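Notes follow the structure.
Every chain is numbered from 1 and lettered A, B, ... according to where its sequence line falls, protein lines coming before strand lines. No hydrogens, no waters, no symmetry mates; every other heavy atom, side chains included, goes into these values. Computed from a predicted model, the values in this text were never measured in an experiment.
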Protein chains: 2
Amino acid sequence: MRIAELSRRSGVAVPTIKFYLREGILPPGERTSPNQARYDDSHVRRLRLVRAMIELGGLSVAAVHDILATVDSPTDDLDKLMGTVSKGLTQAPEEVDEAALDEVVALIEDMGWTCTRDHPAARSLAMVYTAAREIDHPQLIAGMRRYAEACEVIARTDLDYVANFTGIDRVLEGVVVGTVLGDSALAALRKLAQTAESHRRYGPDDPVE
Amino acid sequence: MRIAELSRRSGVAVPTIKFYLREGILPPGERTSPNQARYDDSHVRRLRLVRAMIELGGLSVAAVHDILATVDSPTDDLDKLMGTVSKGLTQAPEEVDEAALDEVVALIEDMGWTCTRDHPAARSLAMVYTAAREIDHPQLIAGMRRYAEACEVIARTDLDYVANFTGIDRVLEGVVVGTVLGDSALAALRKLAQTAESHRRYGPDDPVE
DNA sequence: CGATAGTAGAGAGTATCGCTATCCATTCAG
DNA sequence: CTGAATGGATAGCGATACTCTCTACTATCG
């Protein structure tokens with residue numbers, strides 16, 4: 001197919017497709033002449049993936065580029081690559097309070113997890129600890145153990161999901177999709193659950209105050 | 001204190017504070033003369049809250065403005081206000097596939113939750129469903145039940161946290177902080193749990209392929 | 001064969017966002 | 001009294017994610 005049909009089928013405007021081609025987040029089509037190229041279904045899928053990462057995941061074009069570069073580079077160390085993708089999906093703060101990071105590491109060990117201190121997510125969590133204290137909500141940190149337990153369930157679901165795939169590139173795509181869409185889904189489900197729980201406790205038939 | 005000390009104590013640059021005052025996300029200080037004002041600890045706290053919402057929560061200044069307007073408007077219907085804040089923290093897509101929304105509503109009913117169909121989070125989740133199918137990952141939807149169960153645990157933790165506070169404004173601040181920082185914390189914990197679970201399954205001593 | 005529409009590619013332009021810099025008149029502090 | 005700081009307003013800046021415009025083709029239909 002040519003660019004017009006790619007645009008029609010993916011729902012992405014032609015100039016935007018050209019922009020993505022320039023940015024290297026959409027691989028070029030197969031050239032048929034010096035200024036003609038042909039695209040296929042893989043381009044439609046890739047475009048939808050890109051849109052999902054940007055719109056639902058809130059990722060920047062640059063972040064999408066980095067992640068797709070990892071996905072597209074073939075390798076055989078699944079564990080390591082999953083780490084790379086997972087880390088690529090976290091924007092790691094550069095400066096963190098070491099004491100807060102110590103607390104995070106303590107939680108990680110307490111949970112029996114095997115993560116390194118320099119995992120971007122650990123640094124990100126340390127930032128949350130620092131921020132919670134700064135805005136005078138230190139009690140928030142007390143609930144982290146239960147959060148972590150819930151996340152264990154979630155992570156098992158995630159890994160089960162990824163285990164369904166065969167082929168390293170499909171697995172990696174699964175990680176990306178699972179992480180990005182999963183984050184959106186979890187944020188939404190959490191709010192729905194909060195609303196439900198709030199209703200249960202302080203519902204219209206039993207208002208507080 | 002005056003603006004210079006407010007800046008020093010909050011870590012926010014003076015021009016930025018002026019910008020926030022203009023945007024109405026930081027209440028004006030107490031006027032001591034036609035062009036002098038005095039600020040206090042509440043301003044320091046508010047500034048840190050704003051920074052946390054923008055930096056950690058990734059919220060826009062406009063979204064922060066709307067949320068703080070809700071927090072600052074006194075009312076007595078706790079359940080309703082929590083809903084408003086919670087909804088304000090979700091950027092609701094305007095157009096969603098009704099069939100996908102039907103599925104979300106079915107899940108909500110299945111969980112025994114009491115949420116309305118037009119809850120922004122429900123619409124947001126419907127978008128995830130649609131996107132998952134479009135990028136050819138429909139299996140992701142199958143895991144939603146387990147996600148929802150995990151979110152129930154999380155929501156109970158959240159509501160327990162909020163229940164600690166007395167005073168409607170402090171409760172609302174708790175909701176905001178819990179939602180914004182909680183989302184960041186959960187995203188980080190999820191990735192740490194994933195890394196740990198991945199290690200357990202495909203760890204360095206037992207690589208796949 | 002020619003007219004028309006479509007295409008690739010590149011550079012410039014646009015809109016938005018979140019600040020940041022510069023003024024100015026006023027005011028406070030030593 | 002004088003220099004630094006303040007409140008307030010306006011304009012500018014840098015990043016981001018497109019979007020427009022232009023050129024030089026190419027495809028296709030009549």
Under 3.5 Å side-chain donor-acceptor pair for A/Thr157 and B/Arg146: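 Yes - a donor-acceptor pair under 3.5 Å links their side chains.
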Check: B/Tyr129/B/Asp102 side-chain N/O donor and acceptor closer than 3.5 Å: no
Would you indicate what [X] reaches in the nucleic acid, counting non-hydrogen atoms under 4.0 angstrom: base, sugar-phosphate, or nothing?
X	result
B/Leu21	nothing
A/Thr32	nothing
B/Arg38	nothing
A/Ala13	nothing
B/Arg8	nothing

Closest listed nucleotide, where the reference is the side chain of A/Arg2 and the choices are C/dC19, C/dA29, C/dG6: C/dG6
Side chain of A/Ser60 - closest among D/dA17, D/dG7, C/dC19: D/dA17
C/dA10 base / A/Lys18 side chain donor-acceptor hit below 3.5 Å: no
Base D/dT19 to side chain A/Arg22, donor-acceptor N/O within 3.5 Å cut-off: yes
5' priority, DNA chain D, between B/Asn35 and A/Phe19 [closest heavy atom]: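 Between the two, 5'-proximity favours B/Asn35.
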A/Arg117, CZ: over 12 other non-hydrogen atoms inside 6.0 angstrom: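 Check passes, neighbour count above 12.
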Euclidean distance, atom CD1 of residue B/Ile3 to atom C1' of C/dC28 [Å, nearest integer]: 15 Å
For residues 55-68 of chain A, dump all side-chain donor-acceptor pairs below 3.5 Å to protein atoms at least two apart in sequence or in another chain.
residue, atom, partner, partner atom, Å
A/Glu55, OE2, A/Arg51, NH2, 2.7
A/Ser60, OG, A/Ala63, N, 3.1

